[in-house]
Amino acid sequence: MDTTTSPTLLSSFKLGDLTLKNRVIMAPLTRARAGVERMPNALMTQYYTQRASAGLIITEATVISQQGCGWVQSPGIYSEEQTEAWKQITKALHQTETPVFLQLWHCGRASHSSFQENNQLPVSASAIKLNGEYIHTPIGKQAYETPRALEIEEIPRIIEDYRLGAERAKKAGFDGIEIHGANGYLIDQFLQSKTNQRTDKYGGRIENRYRFLQEIVEAILTVFSPEKVAVRLSPNGNFNDMGSPEYRELFIYVAQQLNRYGLGYLHIVDGLEFGFHQLGEPMTLREFREVFDGPLMGNCGYSQDSAEATIKADNADLIAFGRPYISNPDLVERFANNWPLNPPAEMKDWYSFGAEGYIDFPTYPETHKS
Ligand SMILES: Cc1cc2nc3c(=O)[nH]c(=O)nc-3n(C[C@H](O)[C@H](O)[C@H](O)COP(=O)(O)O)c2cc1C
């Protein structure tokens with residue numbers, strides 16, 4: 001291999017007609033600063049702009065409908081007001097030439113009736129309760145409820161909500177969409193046998209369980225060109241009570257099917273730091289590389305060195321950083337200059353609503369002023 005041209009973490013990357021200035025990607029991070037109206041705002045604009053040296057910013061998960069809500073004060077993209085409000089963020093990032101993808105979200109069973117219109121039960125592929133301690137809701141910590149299985153007639157409405165979300169995202173100036181198919185939310189609930197026991201064309205065989213994601217991808221492709229659309233999957237995770245015995249066959253199948261669209265990238269949460277289902281050997285980026293033809297993004301537990309090694313080994317094109325981006329707005333500059341990272345943020349600040357623990361992490365030069 002000609003090492004003078006081999007890519008590095010800090011080398012640029014061509015994503016369709018977008019040029020990412022480096023391969024350090026800001027992972028989607030729910031931070032719960034959008035208020036009860038789920039409205040993007042000036043504080044969020046400041047937070048994202050501080051992180052604009054990333055090659056690509058993926059926004060925090062953003063709900064496509066009230067039914068999709070399951071997190072207190074996370075932003076939405078289901079109203080004209082929210083669409084307008086997102087423009088301040090896309091505009092600020094485009095002034096820094098940083099592309100930004102919106103992550104579209106429907107929580108499915110990882111919700112509670114107190115989030116829902118008329119206090120209805122949350123919905124899922126099947127009526128299988130999330131086995132978890134509690135969920136934070138607008139009325140405080142609550143026990144999980146058994147969701148209602150979606151009627152087959154209701155599914156087109158949800159696909160349409162995804163399409164509308166993409167259409168609004170386009171109007172708001174986003175460069176593309178990341179479909180949140182990871183971490184036990186609605187799409188993952190359809191994909192995995194643990195949460196999908198349907199007997200109609202959306203359940204049973206892997207091909208059927210994939211259908212919901214397929215229809216979402218195809219709906220979004222009527223709005224954005226393929227290289228502006230991406231999918232995130234978490235084949236190893238147990239977050240939100242997930243993990244199904246056929247995980248390897250399932251996720252290889254999904255990656256192979258997605259080949260037909262020429263998507264911008266496939267985002268795999270391959271690391272185990274966020275929980276591992278322990279149903280067998282973890283899936284690796286190499287396995288996805290072998291079956292997926294397009295750009296591949298890895299995530300979870302990466303350091304600069306492990307990310308660099310992963311790119312050098314050609315196991316991924318891009319690496320997303322989550323927690324490092326919470327406490328290091330200048331992560332790219334720190335990597336480029338071999339500056340140490342700030343200590344990790346305290347977990348109490350992850351979803352704590354205000355400016356504190358959000359936009360107050362200093363850059364390296366700010367802490368080392370002479
Ligand atoms: C505070 C916090 C919020 C998160 N929110 C999201 C989210 O909105 N969407 C998503 O796909 N993953 C979310 N994740 C998972 C991260 O994107 C990422 O997978 C995880 O932090 C592991 O990567 P890291 O080791 O680089 O932090 C979140 C993680 C954290 C810590």
Side-chain angles (χ1 to χ4, degrees), residues 9 23-34 38 40 44 47-48 51 54-64 68-77 100-108 110-111 136 165 177-189 191 213 230-240 242 265-276 282 285 297-308 310 316 318-328 331-332 334-335 341-353 357-359 361:
L9 188 59
R23 294 146 185 262
V24 179
I25 311 304
M26 181 174 168
L29 290 166
T30 292
R31 302 302 309 279
R33 263 71 177 185
R38 303 185 182 278
M44 288 166 59
Y47 163 79
Y48 280 113
R51 287 153 180 78
L56 171 72
I57 289 180
I58 306 164
T59 69
E60 60 210 279
T62 298
V63 277
I64 55 164
C69 293
W71 206 284
V72 177
Q73 303 197 20
S74 70
I77 186 116
V100 53
F101 277 31
L102 184 73
Q103 194 189 48
L104 292 184
W105 198 22
H106 189 306
C107 294
S111 179
H136 288 280
I177 294 294
E178 182 176 282
I179 300 167
H180 195 348
N183 298 347
Y185 295 105
L186 185 62
I187 294 172
D188 209 12
Q189 291 161 28
L191 288 174
L213 172 58
V231 173
R232 186 176 222 216
L233 302 171
S234 52
N236 299 323
N238 69 351
F239 185 74
N240 276 330
M242 296 305 283
Y265 62 88
L266 177 62
H267 188 171
I268 301 293
V269 183
D270 61 294
L272 308 181
E273 283 76 1
F274 246 63
F276 173 36
L285 292 176
M297 185 184 295
N299 167 252
C300 197
Y302 281 89
S303 63
Q304 179 179 6
D305 287 349
S306 62
E308 197 72 85
T310 301
L318 305 160
I319 298 292
F321 295 86
R323 288 160 296 177
Y325 256 119
I326 295 181
S327 59
N328 297 280
L331 191 64
V332 170
R334 287 173 192 261
F335 286 172
L341 302 191
N342 281 328
E346 291 182 54
M347 280 172 79
K348 70 167 178 54
D349 291 330
W350 285 5
Y351 313 113
S352 56
F353 307 137
Y358 187 54
I359 44 94
F361 293 98

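When a residue number appears, it is its place in the shown sequence, counting from 1. In listed order, ligands and their atoms are each counted from 1. These figures come from a predicted structure and were not determined experimentally.
Ranking the protein heavy atoms by distance from atom 18 (C) of ligand 1 puts Asn299 OD1, 3.3 Å first. Nearest protein heavy-atom neighbour of atom 30 (C) of ligand 1: Leu29 CD2, 3.6 Å. Looking only at heavy atoms of the protein, atom 14 (N) of ligand 1 is closest to Pro28 O, 3.5 Å.
Distances shorter than 4.0 angstrom do not occur between any heavy atom of Glu273 and any atom of ligand 1. The shell of residues lying under 4.0 angstrom from ligand 1, judged by heavy atoms, includes Tyr351.
Those atoms of ligand 1 that come under 4.0 Å of a heavy atom in Phe321, given as number and element, are 26 (O). Taking a cut-off of under 4.0 Å to the non-hydrogen atoms of Pro324, the atoms of ligand 1 that pass are 26 (O), 27 (O). The distance from ligand 1 to the heavy atoms of Ala27 drops below 4.0 Å at these ligand atoms: 17 (O). For ligand 1, the atoms closer than 4.0 angstrom to any heavy atom of Asn183 are 10 (C), 11 (O), 12 (N). Here is the list of ligand 1 atoms found below 4.0 Å of a heavy atom in Gln103: 7 (C), 8 (O), 9 (N), 10 (C), 11 (O). Interface atoms of ligand 1 facing His180, defined by a heavy-atom separation under 4.0 Å, are 9 (N), 10 (C), 11 (O). Counting the atoms of ligand 1 from 1 in the order shown, those under 4.0 Å from a heavy atom of Trp350 are 1 (C), 31 (C).
Of the listed options Ala182, Gly322, Ala307, Cys300, Cys300 places a heavy atom closest to atom 22 (C) of ligand 1. The nearest non-hydrogen atom to atom 21 (O) of ligand 1, considering only Tyr302, Phe274, Tyr325, comes from Phe274. The closest non-hydrogen atom to atom 8 (O) of ligand 1, taken over Val269, Asp349, Thr62, Thr30, comes from Thr30.
Remark: Arg31 fails to qualify as a cation-pi partner of Tyr358 under the 6.0 Å distance and 45° angle criteria applied to the six-membered ring.
In this structure, Trp105 and His180 have parallel ring planes: the angle between them is below the 30° cut-off, well short of the 60° mark.
Results of the side-chain hydrogen bond (donor to acceptor under 3.5 Å, both in side chains) test with Asn299 over Arg232, Glu273, His267 single out Arg232 as the only residue that passes. Shown are Ile57, Ile319, Leu56; of these, the side chain to side chain contact (heavy atoms under 4.5 Å, CB included) with Ile25 is made only by Leu56.
Checked by distance only, ligand 1 and Ala61 come closer than 3.5 Å through their nitrogen or oxygen atoms. At least one N or O atom of Arg232, backbone or side chain, sits closer than 3.5 Å to an N or O atom of ligand 1. For Arg323, a nitrogen or oxygen atom sits less than 3.5 Å from a nitrogen or oxygen atom of ligand 1, counting backbone and side chain alike. An N or O contact shorter than 3.5 Å is missing between Glu60 and ligand 1 by distance.
A search for side-chain hydrogen bond (donor to acceptor under 3.5 Å, both in side chains) contacts involving Tyr325 returns nothing, not counting sequence neighbours. For the side-chain hydrogen bond (donor to acceptor under 3.5 Å, both in side chains) test, no residue two or more places apart in sequence or in another chain qualifies with Gln73.
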